[in-house]
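Everything on this sheet refers to the single structure shown next.
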2 protein chains.
Amino acid sequence: MKKKALRDNDADTTLGTRIYESIANEIIVGKLMPGHRLDEQSLATQFGVSRTPVREALRELGARRLIDLVPRRGGVVTQIGSEKLIDMLEAECEIEGLCARLAAHRMTAMEKGHLRELHEQAAGEEKSLTRYFEINKEFHDLICAGAHNSTLDGTARELRFRLSPFRRPEPSTDVVGVISRSTGEHSAIVAAILAGEAERAYEAMRVHNARVNLGAMKLLQSQPHPEESGPGNGRSRSQAS
Amino acid sequence: MKKKALRDNDADTTLGTRIYESIANEIIVGKLMPGHRLDEQSLATQFGVSRTPVREALRELGARRLIDLVPRRGGVVTQIGSEKLIDMLEAECEIEGLCARLAAHRMTAMEKGHLRELHEQAAGEEKSLTRYFEINKEFHDLICAGAHNSTLDGTARELRFRLSPFRRPEPSTDVVGVISRSTGEHSAIVAAILAGEAERAYEAMRVHNARVNLGAMKLLQSQPHPEESGPGNGRSRSQAS
DNA sequence: TGTGAGAATTTTGTATGCATAAATCAATGC
DNA sequence: GCATTGATTTATGCATACAAAATTCTCACA
């Protein structure tokens, strides 16, 4: 078991925080899969620290629902069951819709320019799924930030964060088709926002997210029973949004 | 300073968790005001424990944004500035609107019955502001639960939770008027939900929340500058919703 | 009076130790 | 062969110890 390295100490953070970030990242990226047991002692050994900062990291992971923390029984990477996942997808769909509506009225000229530029840039990147995912994420980020409501933005961001393990890019069928359909829907959203048409932006975003999430849900339900497993076990569960 | 008592150990919780709950409650209830410094050692003494569980509680409070946790400088009860407060009010307004829309379609007959019953009961309680606040909270809880989306429900619940310090009942002008106006708007919401008219429920809830929150915001902005203070300092900042 | 350097004190961050609950394993009885 | 109970081991919860950072205090000096 190799010793894991922590981000440099340059920033004024505490060990517990850096460990939290490290573990959170591994969960999000999918290295630590749902159901995985997190043992204080071995984590401490891996990071080369004592159990104390590890315990604090686990506390925070628990508070942020990234792990389930049962008293006297340690932590387990949160299982997101299909019902919960559907809830989250639906919530994300709706909240991003809200953000799009607000963004249509509130984005500054600069923000709108940024959005347009990003969207145009996306047109040139229709082959790499990975690259497209990055641009897509920024697309949604920009719109949610454009709502100028830090609470909604934060909520949407957290949802995307927690959902990201279920959206890992994967060379699937018809990459170009998936991407171009998404890009088309994005166009409608961008147009509505640039025009300042709030309700249209709202609807466009909801339709877009609904379609994408419906696909994800179908994929999910067509799988036997993830049970003890999580994303990364059952393969082929990703979608371009 | 008197030693604070913790909830009984009957449930299988850890000290850190109970301390977290205790402090969180004091923040929400307004005993611990924004800007208040939380010192590990004195908290440990107050609760009669060592610093370790206190630190874990602070970690969790920080993760849940109830306190600001600056490395090597301890915790401070989160200041909610007026911009942030406005954000939260707006987010609450919108998300509860979403919940109302979903609830109109998804509430079971029993849930609808419960909602109607509660609303009728509220009609008989038009004098006690405190009692009204309780019923009101349950009203919003019921609707958000009725959306059958635990993510949205949880988000709305958390927002109400964090906003509650700004809604402490206070014998203000025209109690009966404030209550009856709210009750009237509640009637519209209930009617729409019982009829299963989603869009009408959505609009009714948003209009209701927008009005209430607008009032709260006006009250807030008419105050000089809360600065170092928080709710509970600047008096008379509450509203019936 | 105000200011700044440096000492003293307080407070946080981390490590370590110990008690107890949980999990694991063994052996016994059926 | 399998379940059950008791012993052993392991892991967690909490307390304590200590080092380093931050804050406060002191006092000389302009």
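Every value quoted in this text rests on a predicted model; they were computed, and no experiment measured them. Within every chain, numbering begins at 1; the chains are lettered A, B, ... in the order of the sequence lines, protein sequences first and strands thereafter.
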Rounded to the nearest angstrom, tell me the gap between atom [atom1] in [X] and atom [atom2] in [N].
X: Leu15(B); N: dT12(D); atom1: CG; atom2: P; answer: 17 Å
X: Glu40(B); N: dA22(D); atom1: CD; atom2: C1'; answer: 13 Å
X: Glu56(B); N: dT12(C); atom1: CD; atom2: P; answer: 16 Å
X: Asp39(A); N: dT12(D); atom1: CG; atom2: C1'; answer: 10 Å
X: Tyr20(B); N: dG13(D); atom1: OH; atom2: P; answer: 17 Å

Decide, yes or no, whether a salt bridge links [X] with [Y] under the criterion of side-chain N to carboxylate O below 4.0 Å.
X: Glu92(B); Y: Arg160(B); answer: no
X: Lys137(B); Y: Glu134(B); answer: no
X: Arg64(A); Y: Glu158(A); answer: no

Which nucleotide in [options] has an atom nearest any side-chain atom of [X]:
X: Arg55(B); options: dA11(D), dT12(C), dA15(C); value: dT12(C)
X: Pro53(A); options: dC14(D), dT14(C), dA11(D); value: dT14(C)
X: Arg51(B); options: dT14(C), dA15(D), dA11(D); value: dT14(C)

**Q.** Atom pair CD1 (Ile95(A)) and CD (Glu94(B)), whose distance is rounded to the nearest 0.5 Å
**A.**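 Result: 10.5 Å between the selected atoms.
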Please determine whether a side-chain nitrogen or oxygen atom of [X] lies at a distance below 4.0 Å from atom OP1 or OP2 of [N].
X: Arg37(B); N: dT12(C); answer: yes
X: Arg59(A); N: dG13(D); answer: no
X: Thr52(B); N: dC14(D); answer: no
X: Thr14(B); N: dC14(D); answer: yes

Exercise. Between Leu32(A) and Ile67(A), does a side-chain contact (heavy atoms from CB on, under 4.5 Å) hold up when you go through it step by step?
Worked result: CA-CA 11 Å; Leu32(A) 283 174; Ile67(A) 68 175; over 6 Å; no
Q. Looking at DNA chain D, which of residues 62-73 of chain B put a heavy atom within less than 4.0 Å of it?
A.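 Here the set is Arg72(B), Arg73(B).
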Task: Steps toward side chain to side chain donor-acceptor pair (under 3.5 Å) verdict (Asp87(B), Thr151(A)) - done: CA-CA 6 Å; Asp87(B) 273 13; Thr151(A) 303; 4.7 Å; no
Given side chain to side chain donor-acceptor pair (under 3.5 Å), test His148(A) with Glu111(A) step by step and report yes or no.
CA-CA 11 Å; His148(A) 293 279; Glu111(A) 287 172 326; 2.8 Å; yes
